[in-house]
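Notes to accompany the following structure.
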Amino acid sequence: MSYQQEKINPYHKGEKAKQVEEMFNNIAPTYDKLNHRLSWNIDRGWRKKAIKQLAPFAPQTMLDIATGTGDFAILAAQMLQPKKLIGADISEGMMAVGRKKVEQLGLQDIISFDKEDCLQLSYPDESFDAVTAAFGIRNFADLDKGLKEMCRVLCKGGHLSIVELTTPVSFPMKQLFHVYSHTVLPLYGRLISKDKSAYRYLIKTIEAFPQGERMTDILKEAGFEEASFKRLTCGICTMYFATK
């Protein structure tokens with residue numbers, strides 16, 4: 001049974017893509033500050049670990065899916081030095097923030113941004129040596145379709161590196177995370193972003209998202225030959241690595 005068929009996330013109903021686009025456009029100005037504060041800046045280390053997975057393969061053309069404000073794309077460009085890196089996202093508001101950061105860092109010759117429906121990418125087959133995604137694919141209305149598109153645009157032998165928020169599975173972090181995510185996170189998120197629903201939505205997507213062995217099985221069903229995972233920070237975050 002596919003992730004989409006299980007319909008475990010209530011936000012998959014209705015005009016999901018439009019809802020997600022509007023929400024991220026609304027919180028774009030405060031998104032970076034909130035992410036770093038709510039994770040105590042640990043998210044920076046998670047991104048670095050995910051990018052290091054690709055270092056031995058020296059990818060020259062890269063696609064960052066659900067790029068948001070471009071943090072992952074920028075770090076990948078700095079660490080891996082590809083010739084071209086495209087950040088794709090549905091939210092123009094988020095990418096506008098990303099474009100400013102790229103210009104300030106002088107990376108505009110390497111990094112560009114495209115507004116894309118990540119379930120129906122406009123790029124030809126086998127266009128990229130590597131595809132990345134950080135904290136974004138859990139927002140897909142159809143995870144199976146999104147992963148198949150990522151596989152389609154990846155060159156044969158290319159690699160996918162994902163870092164995603166997950167729910168811890170062991171005591172006491174499982175219980176502590178539940179309390180933090182259902183009280184502190186939505187309250188602080190609402191105060192900073194002024195969006196009442198955004199960080200409640202965040203928790204729903206984390207709790208609903210498949211993780212661990214289940215996610216690696218979904219990656220293989222999407223067309224990847226190999227897939228593995230590694231839990232970080234007691235399971236608050238998980239890295240996935242797949243090869244086409």
Side-chain angles (χ1 to χ4, degrees), residues 1-13 16 20 35 38-40 42-54 64-68 71-72 118-119 130-151 154 159-186 189 198-244:
M1 181 179 290
S2 72
Y3 174 74
Q4 174 65 6
Q5 288 172 324
E6 290 179 274
K7 296 181 180 179
I8 57 179
N9 188 337
Y11 264 81
H12 288 174
K13 299 175 182 178
K16 160 90 171 178
V20 171
N35 270 6
L38 289 171
S39 70
W40 302 292
I42 299 173
D43 63 305
R44 299 179 191 271
W46 294 336
R47 288 184 176 92
K48 286 183 179 180
K49 288 179 182 293
I51 292 167
K52 284 180 180 178
Q53 295 184 118
L54 295 170
D64 186 38
I65 290 288
T67 194
D71 271 4
F72 202 45
C118 294
L119 304 184
V131 176
T132 60
F135 315 119
I137 63 171
R138 69 179 184 279
N139 296 309
F140 286 179
D142 187 329
L143 178 62
D144 301 316
K145 189 174 182 180
L147 291 176
K148 286 177 182 177
E149 275 294 273
M150 294 160 82
C151 186
L154 192 61
H159 304 281
L160 169 68
S161 182
I162 294 172
V163 59
E164 191 54 84
L165 295 172
T166 46
T167 53
V169 295
S170 301
F171 177 85
M173 185 57 72
K174 179 179 179 179
Q175 288 73 18
L176 291 171
F177 180 77
H178 179 81
V179 173
Y180 175 75
S181 62
H182 285 269
T183 56
V184 178
L185 195 153
Y199 284 82
R200 288 197 186 99
Y201 167 83
L202 170 65
I203 299 307
K204 289 181 180 180
T205 59
I206 295 172
E207 292 177 342
F209 193 75
Q211 55 183 300
E213 292 87 352
R214 185 162 165 248
M215 180 62 176
T216 56
D217 288 343
I218 293 172
L219 284 163
K220 291 175 183 177
E221 290 171 5
F224 293 93
E225 292 189 2
E226 301 175 12
S228 61
F229 74 95
K230 181 178 181 180
R231 291 189 173 94
L232 305 175
T233 317
C234 302
I236 294 173
C237 178
T238 303
M239 285 194 312
Y240 298 94
F241 190 72
T243 303
K244 180 176 177 178

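Heavy-atom basis, side chains included; hydrogens, waters and symmetry copies ignored.
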Asn139 side chain near Thr205 side chain, heavy-atom distance below 4.5 Å: yes
Mind checking whether Lys220 and Glu225 have side chains closer than 4.5 Å, heavy atoms only? no
Looking only at heavy atoms, which two atoms of Pro210 and Tyr240 are closest? And how far apart? O-OH, 4.1 Å
Any side-chain heavy-atom pair of Ile206 and Phe135 under 4.5 Å: no
Nearest atoms (heavy-atom pairs only) where Ala50 meets Ser161: O-OG, 2.7 Å
Taking every heavy atom of Glu221 against every heavy atom of Lys148, the minimum-distance pair comes out as O-CE, 4.3 Å
Is there side-chain contact between Glu213 and Phe229, with heavy atoms separated by less than 4.5 Å? yes
Donor-acceptor pair between Glu164 and Thr238 side chains, under 3.5 angstrom: no
Would you indicate whether the side-chain heavy atoms of Leu54 and Phe241 approach each other to under 4.5 Å? yes
Within-4.5 Å side-chain heavy-atom neighbours: Thr132 and Ile162: no
Side chains of Phe72 and Ile65 in contact at under 4.5 Å (non-hydrogen atoms): no
I need the minimum non-hydrogen distance between Ala222 and Leu147, along with the two atoms involved. CB-CB, 3.7 Å
Minimum heavy-atom distance Met150-Phe224, with the two atoms named: C-CZ, 4.4 Å
